[in-house]
Amino acid sequence: MNPGLKTAVRDDENVKKVLVTGGAGYLGSTMVPMLLDEGYDVVVYDIFKWGVYPLTPVVGNPKLTIINADILDNEKLEKALKDVDAVIHLAAIVGYPAFNVEGTRNVVNALASHQRIIYASTGSCYGAVEGTCTEETPISPITLYGETKAEGEKLVRAKGGVGLRLATVFGVSPRLRLDLLVNDLTAKAIKMRTFDLYEGGFRRTFLHVRDAAKGFVFALQHYNSMSGQAFNVGDESMNLTKLDVAKLIEGKVDGCCITESNSGTDMDKRDYAVSYARIRSLGYKANIDVGTGIVELLKVIPNMKSDEIPRCKNV
Ligand SMILES: NC(=O)c1ccc[n+]([C@@H]2O[C@H](COP(=O)([O-])OP(=O)(O)OC[C@H]3O[C@@H](n4cnc5c(N)ncnc54)[C@H](O)[C@@H]3O)[C@@H](O)[C@H]2O)c1
């Protein structure tokens, strides 16, 4: 617990218009309807790598504007940012590490000092760590993705922005990702029923997509208490091993049996538990547990047509 922090006071009375980069993605397509419900004007700035359909439920809202443009296009970016009060910066692509840093640098450089910025950072910054990570734990990413996300967070915080270090997100969103651990294992359980899990003892930490989106709305509304800082976003009750997740899935999928294998290795060596005391002390709480997320996934994944299944891994 950071003794300097007190339950935060809402301070968004001057925030009317919010631009969301990557607003049509997995996280964004859950967050944009929440922002509209809160009464903000919302501008989605996206190249629509995964299509625009995830936003169709909210296109009838006159407060929504859609801009099809790249954050690497400085001219369009500067124009779009001119009259917004805040930016939620989600746009990122795995496999393009230079882009992730350059894109973030463009966004940060285009901001005026009164504009708020909240950045989707990640717990992947921590890598493999003994004990429990707090925001003071030295950053030691073990993937290029984690490295570039940490670099982006640094740029944003230097501008007075907020870095939200998200746990691995799970659950259903209008743009569904099946490459995230809980979603991936649930999809495998539905398809294969029986499969091997490598390195089931690795500790990971999880966050439902609606709780993740709620974290950004929280930061937007309590910005002055969070400015310039990093916050882990998640809940200690969802610090689980991979095997814990597998057992939860087994309990919900008929005939499913996930066995632990000692013969293979997981390319992803992250092994860490995280403290969420800092953001909780301000008044944020993640509420949706992994079991609930699995139940939601089970309503959707078995009914997906093959052309609805995301084709490749992303972030
Ligand atoms: N999902 C997770 O578990 C998780 C965890 C931690 C952090 N994050 C971060 O959250 C952010 C959003 O992740 P997501 O899961 O929603 O990913 P996503 O791939 O579903 O969405 C990313 C969106 O960004 C857009 N985009 C990509 N490049 C762009 C560009 N150059 N200009 C404009 N738009 C562009 C894409 O079209 C897409 O709509 C990313 O920054 C990611 O690193 C995600």
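We count ligands from 1, going down the list as the structure has it; atoms in each ligand are counted the same way.
A donor-acceptor distance shorter than 3.5 angstrom exists from the side chain of Lys16 to the backbone of Glu13, with no hydrogens or angles considered. Looking at Ser227, its side chain does come within 3.5 Å of a backbone N or O of Gly160 through a donor-acceptor pair. The backbone N or O of Val182 lies less than 3.5 Å from a partner atom in the side chain of Thr186, making a donor-acceptor pair. Formation of a donor-acceptor pair under 3.5 Å by the Thr56 side chain with backbone atoms of Tyr53 is found in this model.
For Leu180, every heavy-atom contact with ligand 1 shorter than 4.0 Å involves the side chain, none the backbone. Within the 4.0 Å heavy-atom criterion, the part of Tyr145 lying near ligand 1 is the side chain and not the backbone. Contact annotation: for Asp70 versus ligand 1, heavy atoms closer than 4.0 Å belong to both the backbone and the side chain. Contacts of Ser124 with ligand 1, taken as heavy-atom pairs under 4.0 Å, are absent altogether. Here Ala212 has no heavy atoms under 4.0 Å from ligand 1, in either its backbone or its side chain.
Close approach of ligand 1 to Phe48 (heavy-atom distance below 4.0 Å) involves ligand atoms 37 (O). The ligand atoms of ligand 1 that sit less than 4.0 angstrom from a heavy atom of Ser121 are 6 (C), 7 (C). Interface atoms of ligand 1 facing Val169, defined by a heavy-atom separation under 4.0 Å, are 1 (N), 2 (C), 3 (O), 4 (C). Within the listing of ligand 1, atoms 40 (C), 41 (O), 42 (C), 43 (O) sit less than 4.0 angstrom from a heavy atom of Lys149. Proximity to Ala69 (heavy-atom distance under 4.0 Å) selects the following atoms of ligand 1: 32 (N), 33 (C).
Heavy-atom distances between Phe170 and ligand 1 stay at or above 4.0 Å for every pair. The closest approach between any non-hydrogen atom of Pro54 and ligand 1 is not below 4.0 Å. Within the 4.0 Å heavy-atom cutoff, Gly103 does not count among the residues contacting ligand 1. Residue Gly23 places no heavy atom under 4.0 Å from ligand 1.
Selection from Ser29, Ala167, Ala120 by nearest heavy atom to atom 5 (C) of ligand 1 gives Ala167.
Note that Lys63 lies outside the cation-pi zone of Tyr40, set by a 6.0 Å cut-off to the ring centre and a 45° limit from the axis.
Note: no N/O pair closer than 3.5 Å links Thr168 and ligand 1 by distance alone. Considering backbone and side-chain N/O atoms, Leu72 never comes within less than 3.5 Å of an N/O atom of ligand 1. Between Thr122 and ligand 1, no pair of N/O atoms sits closer than 3.5 Å. Ligand 1 has no nitrogen or oxygen under 3.5 angstrom from a nitrogen or oxygen of Ala91. For ligand 1, one of its N or O atoms has an N or O atom of Arg175 under 3.5 Å away. At least one N or O atom of Leu90 sits closer than 3.5 Å to an N or O atom of ligand 1. Considering both main-chain and side-chain atoms, Ile93 never comes within under 3.5 Å of ligand 1 through any nitrogen or oxygen pair.
The aromatic rings of Phe170 and His208 lie perpendicular to each other, with more than 60° between the two planes, well past the 30° mark.
At a threshold of 4.0 Å, the pair Lys299-Glu296 does not count as salt-bridged, since none of the basic side-chain nitrogens sits closer than that to a carboxylate oxygen.
The closest side-chain donor-acceptor pair between Thr241 and Asp244 falls under 3.5 angstrom. Using a 3.5 Å distance cut-off with no hydrogens or angles, the side chains of Arg157 and Tyr119 do not pair a donor with an acceptor.
The cluster map of Ile, Leu, Val, Met, Phe, Trp and Tyr, joined by side-chain heavy atoms under 4.5 Å apart, puts Ile288 and Leu185 in different clusters.
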Would you sort out whether Tyr272 and Thr137 count as a side chain to side chain donor-acceptor pair (under 3.5 Å), showing the intermediate values? CA-CA 11 Å; Tyr272 62 121; Thr137 302; over 6 Å; no

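Applying the side chain to side chain donor-acceptor pair (under 3.5 Å) test to Lys188 and every residue at least two apart in sequence or in another chain returns Asp184.
Partner of Ile88 under the side-chain contact (heavy atoms from CB on, under 4.5 Å) criterion, chosen from Leu19, Val32, Val217, Leu35: Leu35.
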